[in-house]
Peer 1: 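Pasting a structure here, questions to come.
Lettering of chains follows the sequences in order, A, B, ..., and the numbering in each one begins at 1.
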There are 2 protein chains.
Amino acid sequence: MDRHSSVSARSSPSSLRKRGRPTADERRRRETEILTTALSVFLKSGYGGSTLDELAAAARVTKRTLYTFFGDKAGLFAAMVTDLAAAVSLDAAYDSDTLETLATRIISRVHSDELVGLHRLVIAESTRFPELARILHSSGDARHIARLAEHIRTERGPASESLAEPLFSLLLGEKHRRRLLGIDPAPTAAQAAAHADAALRLLGLGRH
Amino acid sequence: MDRHSSVSARSSPSSLRKRGRPTADERRRRETEILTTALSVFLKSGYGGSTLDELAAAARVTKRTLYTFFGDKAGLFAAMVTDLAAAVSLDAAYDSDTLETLATRIISRVHSDELVGLHRLVIAESTRFPELARILHSSGDARHIARLAEHIRTERGPASESLAEPLFSLLLGEKHRRRLLGIDPAPTAAQAAAHADAALRLLGLGRH
DNA sequence: TTGTAATGACACCGTTTCGTATCATTCTAT
DNA sequence: ATAGAATGATACGAAACGGTGTCATTACAA
């Protein structure tokens with residue numbers, strides 16, 4: 001058997017992977033690579049449309065490795081979603097912002113191709129994976145609404161705190177439904193800012 | 001709809017149907033039955049999860065008939081969605097209502113299990129069937145927003161007409177995201193009315 | 001009347017896909 | 001040092017599934 005001649009053309013050093021048990025480092029690196037590439041594959045083809053061979057090839061591992069890591073296809077999907085949901089909820093570099101910029105950032109985030117695609121995936125599989133739907137909602141929407149409530153409270157007093165949830169609905173808006181349906185592209189930064197401003201003004205939270 | 005109630009004939013199974021070419025009546029009856037049962041099957045298992053044998057058995061026809069009617073699985077799915085989308089857009093027995101009752105009816109409609117499930121299906125398959133996504137949006141959301149705009153204009157004047165879209169977003173609300181994710185059940189009539197009232201007040205459209 | 005289209009029942013085919021098996025190989029754990 | 005676990009490469013099995021073929025049978029159309 002001709003050793004390794006097929007991989008000599010690849011430029012990435014990570015593809016010159018030897019056989020045998022990997023080092024602990026390699027093992028960790030590989031796990032994250034599997035999850036990130038799995039996301040891109042699932043986003044492209046959906047859960048049912050993605051095959052294990054496709055997922056394995058994208059991560060440059062064999063199916064065997066996928067099974068030792070995640071048990072089966074459903075396990076890989078669940079791991080991918082929970083991992084990404086955790087990343088979303090940790091995405092909180094926006095503590096010291098004004099309500100306007102916070103709203104703008106939330107819009108850019110929830111309308112991004114990545115998050116819209118993830119929502120599509122989880123909505124599509126919400127029957128098979130109800131737990132993932134709950135996880136995604138808790139670490140996404142619920143977290144965003146809590147952030148908005150916090151800012152509104154400090155800037156406007158506790159009486160206006162109940163505006164956080166309707167405000168979030170307006171930040172999504174009809175635009176987000178078209179995003180989920182694949183009709184609209186992601187908004188530009190300028191569009192996000194304008195949208196945020198309009199939503200805040202509608203609820204009497206805008207700057208005067 | 002016209003659910004052929006040969007339920008009691010379960011004992012003498014579906015083979016009570018004769019072979020050979022059906023009458024024109026039977027043909028029409030069968031087409032609607034196929035579409036309605038296809039909806040329930042797709043809602044239960046999703047597009048990829050539903051098999052042709054399952055769909056055929058649910059409609060009490062053979063795969064052969066499905067192919068003569070719709071060509072292939074995708075054709076059946078498309079026919080089912082467009083048929084239902086048309087039904088939604090014709091669901092306009094609410095012309096002479098006040099804004100409050102119109103909003104309440106829209107809430108009950110868009111939060112219904114049927115429409116939420118249809119949205120889930122189309123969102124899940126929006127890559128494979130982009131045209132269906134556009135059709136559903138045009139005959140659903142766009143139509144609802146137009147109705148709201150019409151009522152707002154006649155009751156409040158053309159200046160407030162731009163409130164129709166944000167109002168619709170509030171009528172969906174965070175609740176609808178949880179509906180899509182399968183977290184919440186459909187709202188009761190009382191909840192729908194309360195929700196409508198709260199949304200209208202937020203935008204200054206409520207009664208005083 | 002006569003040909004044709006549609007249907008049920010059922011078998012069948014080819015492909016896809018999940019999940020395992022095998023074997024050599026390399027690292028980890030003890 | 002030695003056993004065991006993890007991996008690459010590859011092939012394979014078993015099942016599911018989309019779609020078609022066949023034949024008898026019935027209604028429609030010309």
Peer 1: Using the side-chain heavy atoms of A/R21, tell me which of these nucleotides is nearest: C/dG19, D/dT20, C/dT26.
Peer 2: C/dT26
Peer 1: Pick base, sugar-phosphate or nothing for A/K63, based on heavy-atom distances below 4.0 Å to the nucleic acid.
Peer 2: base
Peer 1: Any side-chain N or O of A/T65 below 4.0 angstrom from OP1/OP2 of D/dA6?
Peer 2: no
Peer 1: B/D53 CG to C/dC12 P: how many Å, rounded?
Peer 2: 16 Å
Peer 1: Cut-off 3.5 Å, side chains only: do B/E174 and A/H144 have a donor facing an acceptor?
Peer 2: no
Peer 1: Return the value, rounded to whole Å, for the distance between atom CG of B/L66 and atom P of D/dT20.
Peer 2: 12 Å
Peer 1: Examine B/R147 relative to B/F168 and say whether NZ or CZ is less than 6.0 Å from the centre of the six-membered ring and inside a 45° cone about the ring axis.
Peer 2: no
Peer 1: Rounded to whole angstroms, how far apart are CZ on A/R30 and P on C/dC27?
Peer 2: 12 Å
Peer 1: May I have the distance from A/K73 (atom NZ) to C/dT20 (atom P), rounded to whole angstrom?
Peer 2: 15 Å
Peer 1: Thinking salt bridges, do A/E26 and A/R29 make one under a 4.0 Å N-O criterion?
Peer 2: yes
Peer 1: What nucleotide, of C/dG19, C/dG8, C/dC27, holds the atom closest to the side chain of B/T62?
Peer 2: C/dG8
Peer 1: Would you mind reading off the distance between A/Y47 atom OH and C/dT17 atom C1', rounded to a whole angstrom?
Peer 2: 12 Å
Peer 1: Given that A/F69 and B/D72 both sit by DNA chain D, which one's nearest nucleotide is further toward the 5' end?
Peer 2: A/F69
Peer 1: How long is the line joining CG of A/L52 and P of C/dC18, in whole Å?
Peer 2: 4 Å
Peer 1: Nearest to the A/R64 side chain among C/dA6, C/dC18, C/dT22, which nucleotide is it?
Peer 2: C/dT22
Peer 1: CZ of A/F70 versus P of D/dA6: gap in Å, rounded?
Peer 2: 14 Å
Peer 1: Check every atom of D/dC28, D/dA6, C/dT7 against the side chain of B/R27 and return the nucleotide holding the closest atom.
Peer 2: C/dT7
Peer 1: Side chain of B/H111, backbone of B/L171: donor and acceptor closer than 3.5 Å?
Peer 2: yes
Peer 1: Please figure out whether B/A24 or B/G49 has its closest DNA chain D nucleotide nearer the 5' end.
Peer 2: B/G49
Peer 1: Identify which nucleotide among C/dT20, D/dC28, D/dT20 has an atom closest to any side-chain atom of B/Y67, counting heavy atoms from C-beta outward.
Peer 2: D/dT20
Peer 1: Within this structure, what is the CZ-to-C1' distance between B/F77 and D/dG19, rounded to whole angstrom?
Peer 2: 19 Å
Peer 1: Kindly say whether A/R179 contributes a backbone atom to a donor-acceptor pair with the side chain of A/R120 at under 3.5 angstrom?
Peer 2: yes
